[in-house]
Novice: 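Starting off with a structure, shown below.
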Amino acid sequence: MSKKIVIAEDEPITRMDISEILTGAGYNVVGMASDGFDIVEMCKSLKPDLVLMDIKMPLLDGLKASRILLEEEIASCIVLLTAYSTREFINEAKGIGVMGYIVKPINEKNLLPAIEIALAKDEEMKYMKESIKKAKNELEARKLVERAKGILMNKGNVTEEEAYNMIRKLSMDKRAPMKDIAKAIIMNR
């Protein structure tokens, strides 16, 4: 499956050139817009893998649109296109969290590698975020089980191992995660 890309560029000829380069390389250009406002709205429904966006655009510039897309988790992989390579723009782009920054003129040699790297980095970031989320959930579950064990140990005058086995048995009998059983024990103390 080819990656879905949307393009935001206010120059129609540049927009078409970029689209041709990307489709020629096997990417699926699913939408194009001429300003940042339209690209934000478009991304809400199209859920692209990558947003390729000019910085200087009418109504809503690329930096502000990128901030919205990333903060609202509408898109996670954004590569900015610009004729400007000033430190101010670069620092703002870094602060927002975009995956790439390409200085115009755009051609196949500078566009395709940047897109591939950005998509690969986005996959890495998604994996890391998912791993962190999973670790937080596991830690929360452990904390709940520990609290529930403490309650059972105090109430029933049982050992830690016996309390753990009681939670585990309830979990199996009820076919529910130990975390849920622990929550019920804590709520029912």
Side-chain angles (χ1 to χ4, degrees), residues 1-140:
M1 184 179 105
S2 68
K3 298 288 186 179
K4 297 188 306 186
I5 299 178
V6 294
I7 302 168
E9 165 64 59
D10 62 336
E11 295 290 329
I13 293 170
T14 305
R15 196 168 54 234
M16 291 307 298
D17 287 346
I18 292 169
S19 178
E20 286 177 18
I21 291 169
L22 294 171
T23 53
Y27 292 105
N28 185 11
V29 177
V30 295
M32 293 191 278
S34 60
D35 67 64
F37 181 82
D38 288 345
I39 208 70
V40 169
E41 293 305 307
M42 192 179 290
C43 288
K44 288 177 182 177
S45 61
L46 295 176
K47 308 278 190 246
D49 297 301
L50 182 131
V51 178
L52 196 56
M53 187 160 22
D54 190 7
I55 288 181
K56 291 286 188 178
M57 292 185 294
L59 193 57
L60 186 64
D61 72 39
L63 291 167
K64 289 180 181 76
S66 295
R67 187 177 304 281
I68 292 167
L69 291 171
L70 292 169
E71 284 178 359
E72 295 182 14
E73 297 181 358
I74 299 167
S76 61
C77 188
I78 299 171
V79 174
L80 294 174
L81 308 170
T82 184
Y84 305 94
S85 60
T86 63
R87 181 67 35 208
E88 177 188 338
F89 282 126
I90 293 168
N91 286 340
E92 189 171 350
K94 284 182 353 187
I96 291 168
V98 300
M99 292 285 183
Y101 192 98
I102 305 171
V103 179
K104 293 177 181 178
I106 304 298
N107 60 46
E108 194 171 336
K109 287 181 181 179
N110 67 1
L111 179 62
L112 295 180
I115 298 275
E116 286 185 41
I117 296 293
L119 287 167
K121 290 294 177 197
D122 186 51
E123 288 300 316
E124 284 179 31
M125 290 295 290
K126 285 178 182 172
Y127 176 78
M128 284 190 285
K129 284 178 183 177
E130 193 58 40
S131 296
I132 290 168
K133 184 178 175 182
K134 183 180 176 185
K136 282 182 179 178
N137 287 338
E138 289 173 0
L139 181 61
E140 180 190 345

Novice: If you count every heavy atom of other residues, nucleotides or ligands that lies below 6.0 Å from E124 atom CD, does the total exceed 12?
Specialist: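 Counting neighbours around CD of E124, more than 12 heavy atoms of other residues, nucleotides or ligands fall under 6.0 Å, so yes.
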
Novice: Please answer whether the main-chain N or O of L50 pairs with a side-chain N or O of K3 as donor and acceptor at a distance below 3.5 Å.
Specialist: no

Novice: Within the distance-only criterion (no hydrogens, no angle test), does the side chain of D35 pair as donor or acceptor with the backbone N or O of L60 below 3.5 angstrom?
Specialist: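 No, because the side chain of D35 does not come within donor-acceptor range (under 3.5 Å) of the backbone of L60.
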
Novice: Got L119 and C77 here, is their nearest side-chain heavy-atom distance under 4.5 Å?
Specialist: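 Heavy-atom side-chain distance check passes, below 4.5 Å.
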
Novice: When you look at CZ of F89, are more than 12 heavy atoms from neighbouring residues, nucleotides or ligands closer to it than 6.0 Å?
Specialist: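 It does: F89 CZ has more than 12 such atoms within range.
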
Novice: According to the side chain to side chain donor-acceptor pair (under 3.5 Å) rule, which pairs have a member within residues 83-108, sequence neighbours left out?
Specialist: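 Qualifying pairs, neighbours excluded: E9-K104, D54-K104.
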
Novice: Between CG of L52 and CD1 of I102, what distance do you get to the nearest 0.5 Å?
Specialist: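 L52 atom CG to I102 atom CD1 measures 6.0 Å (nearest 0.5 Å).
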
Novice: Drop me the distance from E71's CD to S66's OG, to the nearest 0.5 angstrom.
Specialist: 10.5 Å

Novice: Please check this pair: side chain of D38 against backbone of A8, looking for a donor-acceptor N/O pair closer than 3.5 Å.
Specialist: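 No, because the side chain of D38 does not come within donor-acceptor range (under 3.5 Å) of the backbone of A8.
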
Novice: Which pair of non-hydrogen atoms, one from D61 and one from I55, has the smallest distance, and what is that distance?
Specialist: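 Between these two residues, the closest heavy atoms are CB-O, 3.1 Å.
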
Novice: For residues M42 and A33, report the shortest heavy-atom separation together with the two atoms involved.
Specialist: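 Minimum heavy-atom separation between M42 and A33: CE-CB, 3.9 Å.
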
Novice: Going by the rule salt bridge (Lys or Arg N to Asp or Glu O under 4.0 Å), which residues pair with K47 if we only count those two or more places apart in sequence or in a different chain?
Specialist: none

Novice: Mind listing the closest non-hydrogen atom pair of L112 and A25 along with its distance?
Specialist: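 Scanning both residues completely, I find the closest heavy atoms to be CD2-CB, 3.7 Å.
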
Novice: Which pair of non-hydrogen atoms, one from C43 and one from V6, has the smallest distance, and what is that distance?
Specialist: SG-CG2, 3.7 Å

Novice: For residues G62 and L80, report the shortest heavy-atom separation together with the two atoms involved.
Specialist: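 For G62 and L80, the tightest heavy-atom pair comes out as O-CD2, 4.0 Å.
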
Novice: Looking at CG of L111 and CG of L22, how far apart are the two atoms once the value is rounded to the nearest 0.5 Å?
Specialist: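 Those atoms lie 5.0 Å apart.
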
Novice: Atom CE in M99, atom NZ in K121: separation rounded to 0.5 Å?
Specialist: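 That separation rounds to 9.0 Å.
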
Novice: Does I74 reach the side chain of V51, with side-chain heavy atoms less than 4.5 Å apart?
Specialist: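 Of all side-chain heavy-atom pairs linking V51 with I74, none is under 4.5 Å.
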
Novice: Using only heavy-atom distances, determine whether the side chains of S76 and D122 contain a donor-acceptor pair under 3.5 Å.
Specialist: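 D122 and S76 do have a side-chain donor-acceptor pair below 3.5 Å.
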
Novice: Quick one: closest heavy-atom pair of I39 and A65, and the distance?
Specialist: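 That would be CG2-CB, 4.4 Å.
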
Novice: Decide if atom CD1 of I13 counts as having more than 12 heavy atoms of other residues, nucleotides or ligands within a radius under 6.0 Å.
Specialist: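 Check fails, neighbour count at 12 or below.
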
Novice: Has I117 got more than 12 heavy atoms of other residues, nucleotides or ligands less than 6.0 Å from its CD1?
Specialist: no

Novice: Kindly determine whether I115 and I5 satisfy side-chain contact (heavy atoms from CB on, under 4.5 Å), including the steps that lead there.
Specialist: CA-CA 10 Å; I115 298 275; I5 299 178; 4.3 Å; yes

Novice: Does the side-chain contact (heavy atoms from CB on, under 4.5 Å) test come out yes or no for I96 and L63, once each step is laid out?
Specialist: CA-CA 8 Å; I96 291 168; L63 291 167; 3.9 Å; yes

Novice: Once you round to the nearest 0.5 Å, how far does CG of L69 lie from CD1 of I78?
Specialist: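 The CG atom of L69 sits 4.5 Å away from the CD1 atom of I78.
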
Novice: Once rounded to the nearest 0.5 Å, what's the spacing between atom OH of Y27 and atom CD of E116?
Specialist: 4.0 Å

